[in-house]
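Here is the structure we will look at, set down as structure tokens.
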Amino acid sequence: MTRSQRRLCPSCGAYLAADNNGDQCGPCQRRAPELTREAPRLSDDFWQADALVEAAAERHFGKLLVAYRKLQRPEPTQAHVGQWLGLTQGQVSRIERSATPVRDLDKLDRWAQALHIPERLLWFSLTAEPAIVGKQADVTAPHAPVDYADGQDGVDAYKRSDRRSIVQAQSPAEGDGVHRRQFIKSAGVGLTAVGASLLAGSPPSLNRRVSRVRPDASTEIREMTQVFRRLDNRYGGGHSRSVVSSYLNSTVTPLLQESTTGRSRSDLFAAAAELHHLAGWMAYDTGHNADGHMHLRQALRLCHEADDERLASEMLAGMSHQAAFHGAPDSAVDLALAAQHSAKRSGSKLLQAEAAVMEAHGLALQDDKSGCLAALSRAEDAFNKSDAEQRPHWLAYFDHAYLAAKFAHAFRDLGLAGDAEPFARRSLEMTEGYERGRLFNTALLATILADQRRLEESCALGMEATTLASSVRSMRGTSYLQDLGAHLAPYQNVNRVNALFESMIEIGVSPLDPVSRPGTPVRAAGRRGTPRQ
């Protein structure tokens, strides 16, 4: 028998031994059976790996396949992946090596579902129908909590010296018109005139390169971000999160893939970072913390691309806040220190104050009283020196009321309810348009009063917070009310407390359930961290 006449193993492409009467070579026969049936369902942590996120950001399924294989143990071969995708080993190899990414949406959809890739990682929408190859991907499963145990995600990204680009210049992807139509449909009557002007026009021809990067593109993105931010502050992240995600995928990401240079490029990347930052907070506000973590990391990378130290400091401060929210004070402190270094390089006293107060909150959760008080003193000093500083629009929320709320959080988490009270009252001196923040601060003051056994005033404020919560779609708002419920639980047989609990239940909040913070262990009453307004 000549070599050309010998049989090939369909799994790995190797020549079968002359005495092998089976269909596969020996090594493939011995491999675990689960590698040959269908693609495994991998953990949420697996899909958060930097290599996968960066490959997805380049919209190159081949690079995504390479990262997908290399990150697994044991590493599946191209032949095994081909079986899961309904392809040959050679086809998988060509997809991985090709400089031109696959743009056929039907194929991408089918392959993504076969590998059970979560939709949040993709640059296209998955269909609701089962994939032809393999079983239907579980795209509706709840996101697993983000692991903040090592606290190095944001710090490492911040320290990264090469600042490698997360987006490569390439032609507009096929299906852009589909995404555009999906966004307009999901926006409905809420689509503003600004949004309509940005989305107007036909998708570019695939036969020639049409640049959509206009001089005013970054301005339009910021105007849209301002619209979304106002809705978020007033109605909570659940109100328009899906629209923001659609806008990012259909409009902003394609703009980033155009070849731009100089100031125009930096400005565009900074505008995109601001929107990813907002999308991250919306995701956290609705309990999708894995998505929120991904958006904040993406925002930080875009800040580095834009060489914007001020914005990078804001992203790191946000990561610090979320680490504290999820019960990782060590990470919160590390990220806050990184934010302070960036803020000092930028020269912004406002950002130095913000980073210092985030550090104070993390130290309070560590029961480090002296360190917390020192950080609060630095925050107050920096804030008092910022009067003449021009406040960037994305930092408009950081005023005296916000700073007072953070002081109240820190003192309360140190167990100093009496010291926390005047700051909590000051936090209610808010400007209009921050209904969600008013809900948070009202519930915070009610909790502080409950710690002092001032039940009548605590319950009255709790009723106000419950009324505010009925019009705000926010998981963090629910957390604040449940936190108040935990502090009032010892007095649940008191009439006023019982009436408050009944009002909470009427709006869907269970006051005696554990606080809704995915991945965070329940702490004893009076020693909980509280989320961001």
Does Ser250 reach the main-chain N or O of Ser246 with its side chain, forming a donor-acceptor pair under 3.5 Å?
yes
Pair Asp387 + Lys349: basic N to acidic O under 4.0 Å
no
Taking Glu354 for its side chain and Leu350 for its backbone only, find out whether a donor-acceptor pair lies under 3.5 Å.
no
For Phe501, what residues pass the ring pair (Phe, Tyr, Trp, His ring centres under 6.0 Å) criterion, not counting sequence neighbours?
none
Ignoring hydrogens and angles, tell me if any N or O in the side chain of Asn384 forms a donor-acceptor pair with the backbone of Glu380 under 3.5 Å.
yes
With a 3.5 Å distance limit and no angle check, can you tell me whether Arg438 reaches the backbone of Leu428 through a side-chain donor-acceptor pair?
yes
Could you please spell out the steps behind the side chain to side chain contact (heavy atoms under 4.5 Å, CB included) verdict for Tyr247 and Ile221?
CA-CA 10 Å; Tyr247 176 57; Ile221 293 172; 3.8 Å; yes
Asn498 side chain vs Asn493 backbone, donor-acceptor pair below 3.5 Å
no
What pairs with Thr286 under side-chain hydrogen bond (donor to acceptor under 3.5 Å, both in side chains), at least two apart in sequence or on another chain?
His288
Can you name the ring pair (Phe, Tyr, Trp, His ring centres under 6.0 Å) partners of Tyr235, sequence neighbours left out?
His239
Under the salt bridge (Lys or Arg N to Asp or Glu O under 4.0 Å) test, residues paired with Arg473 that sit two or more places apart:
none
Taking NZ, NE, NH1 and NH2 as the nitrogens, is one of them in Asp483 or Arg476 under 4.0 Å from a carboxylate oxygen of the other?
no
Only counting residues at least two apart or in another chain, list the ones meeting salt bridge (Lys or Arg N to Asp or Glu O under 4.0 Å) with Arg378.
Glu359
Heavy atoms of other groups near Glu429 CD, more than 12 under 6.0 Å
yes
Find the distance between CG (Leu278) and OG1 (Thr225) and round it off to the nearest 0.5 Å.
6.5 Å
NE2 on His487 to CG on Leu455, rounded to 0.5 Å
13.0 Å
Testing Tyr480, Tyr397, Phe325, Tyr402 for ring pair (Phe, Tyr, Trp, His ring centres under 6.0 Å) with Phe440, which one passes?
Tyr480
Applying side chain to side chain contact (heavy atoms under 4.5 Å, CB included), run through Leu316 and His341 and close with a yes or a no.
CA-CA 10 Å; Leu316 288 163; His341 290 311; over 6 Å; no
Residue pairs passing the side-chain hydrogen bond (donor to acceptor under 3.5 Å, both in side chains) test with at least one member in residues 458-468, sequence neighbours excluded, are none
Taking Ser218 for the side chain and Leu268 for the main chain, is one N or O donor matched with an acceptor at less than 3.5 Å?
no
Contacts of type side-chain hydrogen bond (donor to acceptor under 3.5 Å, both in side chains), residue Asp399, not counting sequence neighbours
none
Stepwise side-chain hydrogen bond (donor to acceptor under 3.5 Å, both in side chains) check, Gln48 with Asp44:
CA-CA 7 Å; Gln48 295 177 41; Asp44 196 73; 2.9 Å; yes
Between Ser471 (side chain only) and Leu468 (backbone N and O only), is there a donor and an acceptor less than 3.5 Å apart?
yes
Name the orientation class of the two ring planes belonging to Phe407 and Phe423 (parallel below 30°, tilted from 30 to 60°, perpendicular beyond 60°).
tilted
Mark yes or no for whether Asn441, through its side chain, and Ser427, through its backbone, hold a donor-acceptor pair below 3.5 Å.
yes
For Glu421, salt bridge (Lys or Arg N to Asp or Glu O under 4.0 Å) partners two or more places apart
Arg425, Arg454
Qualifying residues under salt bridge (Lys or Arg N to Asp or Glu O under 4.0 Å), relative to Lys385, sequence neighbours excluded
Asp381
So, does His409 use its side chain to make a donor-acceptor pair with the main chain of His361 at under 3.5 Å?
no
List for me each residue that meets side-chain hydrogen bond (donor to acceptor under 3.5 Å, both in side chains) alongside Glu389, sequence neighbours excluded, and say none if there are none.
Ser348
Residues passing the side-chain hydrogen bond (donor to acceptor under 3.5 Å, both in side chains) test with Ser43, sequence neighbours excluded, are none
Within the distance-only criterion (no hydrogens, no angle test), does the side chain of Arg391 pair as donor or acceptor with the backbone N or O of Phe398 below 3.5 angstrom?
yes
Verify side-chain hydrogen bond (donor to acceptor under 3.5 Å, both in side chains) between Asn233 and Glu435, making sure each step is shown before the conclusion.
CA-CA 6 Å; Asn233 287 327; Glu435 279 75 5; over 6 Å; no
Could you tell me which residues satisfy ring pair (Phe, Tyr, Trp, His ring centres under 6.0 Å) with Tyr434, sequence neighbours excluded, listed by chain and number?
none
How far apart are the C-alpha atoms of Tyr284 and His293, what are their side-chain angles, what is the distance that settles it, and do they pass the ring-ring contact (aromatic ring centres under 6.0 Å, His included) test?
CA-CA 8 Å; Tyr284 278 117; His293 188 59; 7.5 Å; no
